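Working notes, beginning with the structure itself.
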Amino acid sequence: MASRRSITFILLMVVVGLNLRPAMSSVAPLLTRLQESAGLSATAAGLLTTLPVLFLGLSAPLAPTLAKHIGSERALSAALILLAAGLILRGLPLPGVLFIGSAMAGCAIGIGGTLLPALVKRELPNSADLLTGLYTMALCFGGALGAGLSVPLIQLLGSWQASLMSWSLLALLALILWHYQMPRSSQTNTLSAPKSGILRLLKQPLTWHVMLFMGIQSSMAYIVFGWLPTLLVDRGYNEADAGWTMAVSIMCQLASALGAPWLARLGKDQRPALLLVLLSTAAGLWMLLIAPLIWKWPGAALLGIGQGGSFSLALSLLVLRTANSRLAGQLSGLVQGGGYTLAALGPFGVGVMLQSGASTSHIAWLLIVLITVCCGFALLAGRNQRLDDISGGLLVERVTRGN
């Protein structure tokens with residue numbers, strides 16, 4: 001039977017997770033409006049969608065240092081404060097704050113997203129992969145809220161600035177709950193590691209396999225967050241319908257985010273599950289961006305199932321490929337830092353392609369090719385191996401099912 005501490009931690013994990021996607025998904029349905037009212041070019045709009053992802057990647061490796069000095073729990077509180085400040089700032093009527101606030105929000109998400117997998121591994125190590133699925137479901141639901149409510153919030157609050165700023169209320173709620181109910185642990189420096197430890201991780205091919213899988217699948221996700229509504233508008237959708245189509249797709253991520261880790265447990269390793277979700281993502285993109293419009297809803301569903309499962313399994317790999325919470329935290333910082341920095345190229349690249357006159361179908365085919373490349377890294381990262389630090393060294397060991 002779960003203890004009160006475990007239940008409290010799970011609820012807090014869900015509330016914090018809800019905050020780690022609206023900062024990005026709430027902008028996408030408003031891009032066309034921002035280009036008209038704020039005078040953003042396609043390249044500038046691409047930069048706006050890229051900044052949160054870029055700073056997410058740049059800030060993720062800083063999480064271990066921050067946790068070392070103030071503790072993982074307080075570091076997560078600091079991330080929520082930074083997130084709320086960035087969300088408020090980006091709606092103020094001042095030049096450049098839309099970009100600065102977006103970068104601040106990305107930093108906060110990078111720190112928080114790096115800290116949580118290690119905390120999950122520490123608090124509930126035997127169910128870390130399944131709880132990662134629940135955490136990913138919370139991320140997806142938050143992303144769906146951001147995509148689906150942005151336009152209605154404009155109508156309710158009167159401006160796109162107020163719509164963007166309103167998401168700070170959710171961050172402040174999470175901050176209050178986390179501050180007063182956060183788990184207290186006698187374990188210290190969960191994420192900290194000497195530079196030599198980080199270098200040993202970087203020398204392991206398994207680290208790079210997981211990082212590149214994380215980076216490419218995340219790039220697909222942030223392209224969808226940043227550009228799917230705009231691409232759908234180019235195909236003939238109105239602004240609200242495009243936003244709701246993305247929201248439906250993200251809502252479909254909920255089931256696969258929760259179910260993918262269970263599915264991965266059915267096989268001897270994670271390779272079949274990884275390939276299944278990647279193929280689903282490719283099929284969904286084809287239906288939405290290339291096939292006739294009649295395939296809109298099946299395409300939205302398949303894209304959501306694929307992306308929710310891909311991200312859930314990518315985060316699960318951080319705990320499945322490590323023997324303890326300290327290594328999970330170190331791998332999380334490296335993989336999310338490098339992976340999200342790589343992922344930031346995706347939204348910016350789509351903006352540049354649109355500025356250059358590329359068609360929606362050309363962009364879609366390029367994304368499908370990238371998913372094919374990602375399948376190769378999935379086959380490598382999905383093997384049943386685990387990083388372990390024994391006697392000061394680092395080795396990769398094969399693990400049997402159930403370990």
Side-chain angles (χ1 to χ4, degrees), residues 21 25 28 129-130 132-141 143-144 147 210 212-229 231-232 235 244-267 269-317 320 339 343 346 350 360-361 363-382:
R21 287 301 175 268
S25 65
D129 57 335
L130 301 182
T132 300
L134 181 62
Y135 161 60
T136 310
M137 188 177 73
L139 292 179
C140 297
F141 186 58
V210 177
L212 290 169
F213 171 75
M214 169 69 85
I216 297 175
Q217 70 83 29
S218 293
S219 184
M220 297 299 108
Y222 291 118
I223 287 169
V224 168
F225 276 137
W227 285 109
L228 182 61
L231 296 173
L232 293 177
R235 294 207 78 196
W244 278 112
T245 300
M246 187 172 85
V248 168
S249 179
I250 297 175
M251 286 296 291
C252 290
Q253 293 182 16
L254 300 180
S256 61
L258 187 61
W262 289 93
L263 177 64
R265 283 193 168 196
L266 298 178
D269 57 38
Q270 290 75 47
R271 286 177 291 184
L274 290 168
L275 292 178
L276 181 63
V277 294
L278 288 172
L279 291 174
S280 177
T281 301
L285 285 171
W286 182 83
M287 290 181 182
L288 282 175
L289 302 179
I290 299 173
L293 296 182
I294 194 174
W295 293 100
K296 175 177 72 172
W297 297 119
L302 281 174
L303 178 63
I305 290 169
Q307 292 200 305
S310 296
F311 187 55
S312 181
L313 290 173
L315 291 180
S316 294
L317 290 177
L320 290 172
V350 170
T360 298
S361 62
I363 293 172
W365 281 117
L366 177 61
L367 299 183
I368 291 171
V369 169
L370 287 176
I371 291 172
T372 304
V373 174
C374 193
C375 287
F377 292 113
L379 290 173
L380 296 170

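All heavy atoms count here, side chains included; hydrogens, waters and symmetry mates do not. On a predicted model such as this, the values are computed, not experimentally measured, just so you know.
Here Ile368 contributes atom CD1 and Ile363 contributes atom CD1; the two are 12.5 Å apart, rounded to the nearest 0.5 Å. From Ile305, atom CD1 reaches atom CG of Leu254 across 11.0 Å, with rounding to the nearest 0.5 Å. In this structure, Cys374 SG and Met220 CE are separated by 8.0 Å, a value rounded to the nearest 0.5 Å. Atoms CD1 and CG, on Ile223 and Leu370 in that order, are 7.0 Å from each other to the nearest 0.5 Å. Here the CH2 atom belonging to Trp244 is positioned 9.0 Å from the CE atom belonging to Met251, to the nearest 0.5 angstrom. Annotation: the span from Leu303 atom CG to Cys252 atom SG amounts to 9.0 Å, rounded to 0.5 Å.
Ser256 contributes a side-chain N or O that, together with a main-chain N or O of Gln253, makes up a donor-acceptor pair within less than 3.5 Å. In terms of modelled atom types and a separation under 3.5 Å, the side chain of Ser249 and the main chain of Thr245 share no donor-acceptor contact.
Contact detail for Ser25 and Gly143: the closest heavy-atom pair is OG-O, 2.8 Å. Across Gly215 and Ala343, no two heavy atoms sit closer than the pair O-CB, 3.6 Å. The minimum heavy-atom distance between Pro272 and Asp269, with the atom names listed, is CD-OD1, 3.4 Å.
Within a 6.0 Å radius of CH2 in Trp297, more than 12 heavy atoms belonging to other residues, nucleotides or ligands are found.
Side chains of Leu315 and Met214 form a contact here, defined as non-hydrogen atoms less than 4.5 Å apart. Counting heavy atoms from C-beta outward, Leu274 and Phe213 have side chains that approach closer than 4.5 Å.
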Show the atom names and distances, to 0.1 Å, of all donor-acceptor pairs under 3.5 Å that link a side chain in residues 276-293 to residues at least two apart or in another chain.
residue: Ser280; atom: OG; partner: Leu302; partner atom: O; Å: 2.7
residue: Ser280; atom: OG; partner: Gly306; partner atom: N; Å: 3.4
residue: Thr281; atom: OG1; partner: Val277; partner atom: O; Å: 3.0
residue: Thr281; atom: OG1; partner: Gln307; partner atom: N; Å: 3.4

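Residues meeting the ring-ring contact (aromatic ring centres under 6.0 Å, His included) test with Tyr222, sequence neighbours left out: Phe225, Tyr340.
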